[in-house]
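First the structure, then my questions, so here it is.
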Amino acid sequence: MRATPASYWDAVADDWQSARDRLWRQHSDAVNRALLARWMPSGTRGRWLKTDLFDEAVCDGVAETLSEHAAQVVGMDIAVRVLHRARVAGWHRVAADARILPFRSESFDGVVSLSTLDHFTSREDIARALAEVHRVVRPGGWLILTLDNLLNPKIALRSILPWDWLRAMGLVPYQVGATCGPRTLAQVVRAVGFELVEMTAIQHGPRVLGVWLARRLASASTTWQRRYRQWFGKWERLERWPSRYFTGHFVAVRARKR
Ligand SMILES: C[S@@+](CC[C@H](N)C(=O)[O-])C[C@H]1O[C@@H](n2cnc3c(N)ncnc32)[C@H](O)[C@@H]1O
């Protein structure tokens with residue numbers, strides 16, 4: 001059960017406080033917010049857990065959308081400085097490892113996990129974390145999960161190339177780990193006891209170009225920044241195509257505890 005140390009994630013979050021990647025993060029947050037707005041059960045309240053607070057520590061994240069839908073939100077992260085930096089007014093913050101959750105069984109109405117579980121070194125750890133998530137969700141409760149999508153050829157290639165080389169080429173922003181494609185993910189989600197309700201792929205825009213352009217436009221006028229967000233938002237139309245799992249950076253699952 002090896003893991004990237006929490007101090008590594010604290011350092012990444014510190015580094016990401018600059019405005020350099022803000023525009024890209026705004027786009028990424030907008031895609032995640034749209035997914036939650038679509039998938040969180042309508043009229044839901046109750047107690048929800050978010051499995052990491054990186055998005056909220058470096059940009060706006062999905063705090064507003066989650067707070068709108070839930071009566072109470074617990075935001076957890078393994079990295080303490082990420083927890084402190086997160087702009088999540090009214091949320092409870094808990095430092096914890098997603099593979100050993102310090103919560104009572106069946107104490108949440110839903111769990112939102114946006115690309116937290118794709119930083120482990122093995123798929124066994126993904127299954128272990130999902131089993132923990134299943135334990136803490138009440139029967140009938142929800143899981144909304146995204147992971148790097150191994151069916152996307154860019155992620156598949158990335159998974160076999162050496163990390164040092166990827167980092168040096170600027171092709172990955174931080175340490176990435178084991179992940180799976182839609183078929184394996186569906187199996188794991190079902191194996192731990194969830195009923196798979198829906199599956200899709202999100203974030204279809206060309207990522208390397210998106211990050212590069214976002215940096216160049218970091219101090220551009222609000223008009224140009226708005227145009228960037230609109231243009232990148234349009235790539236999400238590829239979700240409607242049968243090729244969605246080849247273009248989407250993340251595979252996304254909506255599941256319910258039986
Ligand atoms: C890069 S990020 C998450 C990606 C982000 N949600 C996004 O979509 O860009 C990884 C986050 O997960 C947290 N994390 C890593 N391993 C964890 C673990 N075992 N348990 C809980 N949080 C973990 C890190 O501290 C960091 O905040």
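Each ligand, and each atom within it, is numbered from 1 in the order the structure gives.
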Checklist entry - Which ligand 1 atoms are under 4.0 Å away from a heavy-atom of F120? => result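 It comes down to these atoms of ligand 1: 19 (N).
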
Checklist entry - Hey, looking at atom 14 (N) of ligand 1, which of I78, V176, T146 has the closest heavy atom? => result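 Minimum heavy-atom distance to atom 14 (N) of ligand 1 goes to I78.
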
Checklist entry - Heavy atoms, side chains only, cut-off 4.5 Å: are H249 and I202 in contact? => result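 Sidechains of I202 and H249: no contact.
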
Next on the checklist: Donor-acceptor pair, distance only, cut-off 3.5 Å: does the side chain of K257 make one with the backbone of H134?
Outcome noted: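 Present.
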
Next on the checklist: For the aromatic rings, using the six-membered ring if either is Trp, is the centroid distance between H119 and W9 under 6.0 Å?
Outcome noted: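 Ring centroids of H119 and W9 are less than 6.0 Å from each other.
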
Checklist entry - Using the ring of each side chain (for Trp, its six-membered ring), is W235 parallel, tilted or perpendicular to W231, with breaks at 30° and 60°? => result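 If you compare the ring of W235 with that of W231, the planes turn out perpendicular.
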
Checklist entry - For ligand 1, does K50 get within less than 4.0 Å through its side chain, its backbone, both, or neither, judged by non-hydrogen atoms? => result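 Neither; nothing of K50 gets under 4.0 Å from ligand 1.
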
Checklist entry - Given D77, D55, T51, which has its nearest heavy atom closest to atom 25 (O) of ligand 1? => result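 Ranked by closest heavy atom to atom 25 (O) of ligand 1, first place is D77.
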
Next on the checklist: Taking 4.0 angstrom as the limit and counting only heavy atoms of R25, give me the atoms of ligand 1 inside it, by number and element.
Outcome noted: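 So the answer, numbered in order with elements, is 7 (C), 9 (O).
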
Next on the checklist: If you measure every N or O of D97 against every N or O of ligand 1, does any of those distances drop under 3.5 Å?
Outcome noted: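 By distance alone, the answer is yes.
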
Checklist entry - Regarding R227 and the six-membered ring of W224, is the cationic atom NZ or CZ under 6.0 Å from the ring centre and inside 45° of its axis? => result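 Satisfied, under 6.0 Å and within 45°.
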
Checklist entry - Counting both backbone and side chain atoms, is some N or O of S115 under 3.5 Å from an N or O of ligand 1? => result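 Among all N and O atoms of S115, none is under 3.5 Å from an N or O of ligand 1.
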
Item to check | Close-contact set for ligand 1 against H119 heavy atoms, below 4.0 Å | outcome: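 In order of number, 1 (C), 2 (S), 3 (C), 10 (C).
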
Checklist entry - Is the shortest heavy-atom distance from the side chain of D15 to the side chain of R20 under 4.5 Å? => result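 They are in side-chain contact.
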
Next on the checklist: For ligand 1, which is the ligand I care about here, please tell me if R99 has any N or O atom under 3.5 Å from one of the ligand's N or O atoms.
Outcome noted: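 For ligand 1, there is no N or O atom that lies under 3.5 Å from one belonging to R99.
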
Checklist entry - Numbering the atoms of ligand 1 from 1, which are under 4.0 Å from a heavy atom of L114? => result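 Selected atoms, number and element: 5 (C), 6 (N), 8 (O).
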
Checklist entry - Can you tell me if A96 has a non-hydrogen atom under 4.0 Å from ligand 1? => result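 Within the 4.0 Å threshold, so yes.
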
Item to check | Flag side-chain contact, heavy atom, 4.5 Å: C59 against W16 | outcome: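 A side-chain contact under 4.5 Å is absent here.
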
Next on the checklist: Can you confirm whether or not the ring centre of F54 sits under 6.0 Å from the ring centre of Y174?
Outcome noted: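 Between F54 and Y174, the centre distance is under 6.0 Å.
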
